[in-house]
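First up is the structure itself, then whatever we jot down about it.
What you see below is based on every heavy atom in this structure, not just the backbone, and it leaves out hydrogens, waters and symmetry mates. Numbers for residues simply follow the sequence, beginning at 1.
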Amino acid sequence: MSTRIAFLKGHGTENDFVIIPDPENVIDLPPAAVAALCDRRAGIGGDGLLHVVRSAAHPEARAMAAEAEWFMDYRNGDGSVAEMCGNGVRVFAHYLQRAGHVAEGDIAVATRGGVKTVHIAKEGDITVGMGKALLPEGDVTVSVGERSWSARNVNMGNPHAVAFVEDLDHAGDLYTAPPFSPASAYPDGVNVEFVVDRGLRHVALRVHERGSGETRSCGTGACAVAVATARRDGADPAVTGTPATYTVDVPGGRLVITERPDGEIEMTGPAVIVAEGEIDAGWLETATP
């Protein structure tokens, strides 16, 4: 490992990330190193880490290299590996454009949740093709303190439990994962969204992200919320033949989610790079037990 490691810091609706460019996949990033980098007091700070690698150079992405040159090796803030991060894909694409690897228009990004199509618009917003939602059968309940709610089980390449509540304060502090049942519904944990209505096809949420705690935004969570809300409202595009578009307010901003009649979901929102610099590799070694 070199003595200094390049990094950037970015966010999508205030869901923030440490970005590590590593095209040839030569930087070792064990979970403890990722957690140290994402530490908000002793490290750079972030909800997660975007490891930017060419697909052909990463064993988990080589099979996707013919479709997507770049692989988003995403890690949660605690160092654990995650399948997908919708806000992260937008920031990832914005970094690729900033670095000169891609231009405006359509690009493909490989993730553990599959290859995602991304459109970089001239005006700056980025639209991500998030794939189709799966709606597993079975009742799910989430709880905060003495309150419990039925939740909609939605999978966006990662698992979500969507609960409609009267007040977002009912979600509590969200420092720890809200209990859910049955345990068999989410054997590897779950992202939990608490949702209130704001108007016609307009909702707001708070979210506990698995491995990160409460975050300012969750892209896959916003998509899961839009799908769950559409089903609650009787708006299934596959049945009506009409796209369903919802505005989803998150603590860090606003996302627009559209589900098409073919089931494909698109998410549009901003992406920002706020800083870049170098990490001292010696510090990272001492910070990693």
Side-chain angles (χ1 to χ4, degrees), residues 7-21 38 46-53 55 61 64 68-77 82-131 133 156-158 160 191 193 205 207 209 212 215-227 245-260 264-276:
F7 82 95
L8 299 91
K9 177 71 181 286
H11 75 89
T13 51
E14 298 183 12
N15 192 187
D16 62 334
F17 309 97
V18 179
I19 305 164
I20 304 294
C38 291
D47 294 321
L49 183 143
L50 305 175
H51 185 206
V52 184
V53 185
S55 298
M64 295 180 277
E69 179 181 2
W70 295 96
F71 173 54
M72 185 181 77
D73 174 18
Y74 180 67
R75 319 292 182 85
N76 293 315
E83 301 92 335
M84 205 356 226
C85 175
N87 289 316
V89 174
R90 294 202 319 280
V91 174
F92 188 92
H94 181 47
Y95 163 74
L96 292 178
Q97 181 190 29
R98 176 191 172 105
H101 297 307
V102 302
E104 293 171 355
D106 295 332
I107 67 168
V109 174
T111 76
R112 291 184 178 86
V115 176
K116 304 301 179 184
T117 301
V118 181
H119 180 78
I120 303 173
K122 288 184 179 180
E123 63 270 21
D125 275 357
I126 296 176
T127 298
V128 180
M130 299 291 287
M156 287 297 308
N158 57 358
H160 297 268
N191 305 289
E193 287 81 25
L205 68 81
V207 57
E209 283 199 65
S212 297
T215 60
R216 300 285 293 168
S217 180
C218 176
T220 55
C223 293
V225 164
V227 170
T245 297
Y246 281 81
T247 298
V248 181
D249 290 343
V250 296
R254 176 169 289 179
L255 297 167
V256 176
I257 313 297
T258 297
E259 184 181 10
R260 304 198 314 242
E264 292 292 328
I265 298 169
E266 295 178 338
M267 175 185 64
T268 300
V272 181
I273 302 292
V274 299
E276 60 182 311

- Query: For T268 and D125, does a side-chain donor sit closer than 3.5 Å to a side-chain acceptor?
  - Reply: no
- Hey, what do you get for SG (C38) to CG (D16), rounding to the nearest 0.5 Å? 8.5 Å
- Residues K9, E276: salt bridge by 4.0 Å N-O rule: no
- For residues S217 and E14, determine if any side-chain heavy atom of one lies less than 4.5 Å from a side-chain heavy atom of the other. no
- Donor-acceptor under 3.5 Å (R90 side chain, P270 main chain): yes
- Message: Between N87 and F17, is the side-chain contact (heavy atoms from CB on, under 4.5 Å) condition met? List the steps.
- Response: CA-CA 9 Å; N87 289 316; F17 309 97; 4.1 Å; yes
- Query: Any side-chain heavy atom of M72 within less than 4.5 Å of one from V52?
  - Reply: no
- Message: Working note: L49 + I20, criterion side-chain contact (heavy atoms from CB on, under 4.5 Å); need CA distance, chi angles, decisive distance, verdict.
- Response: CA-CA 7 Å; L49 183 143; I20 304 294; 3.9 Å; yes
- Task: Give a yes or no on whether the backbone of N15 and the side-chain of T215 come within a donor-acceptor separation of less than 3.5 Å.
- Result: no
- Task: Would you check if L50 and Y74 make a side-chain contact, meaning some heavy-atom pair closer than 4.5 Å?
- Result: yes
- Are side-chain heavy atoms of E193 and H160 found at a separation under 4.5 Å? yes
- Electrostatic pair D47:R216 at N-O distance under 4.0 angstrom: no
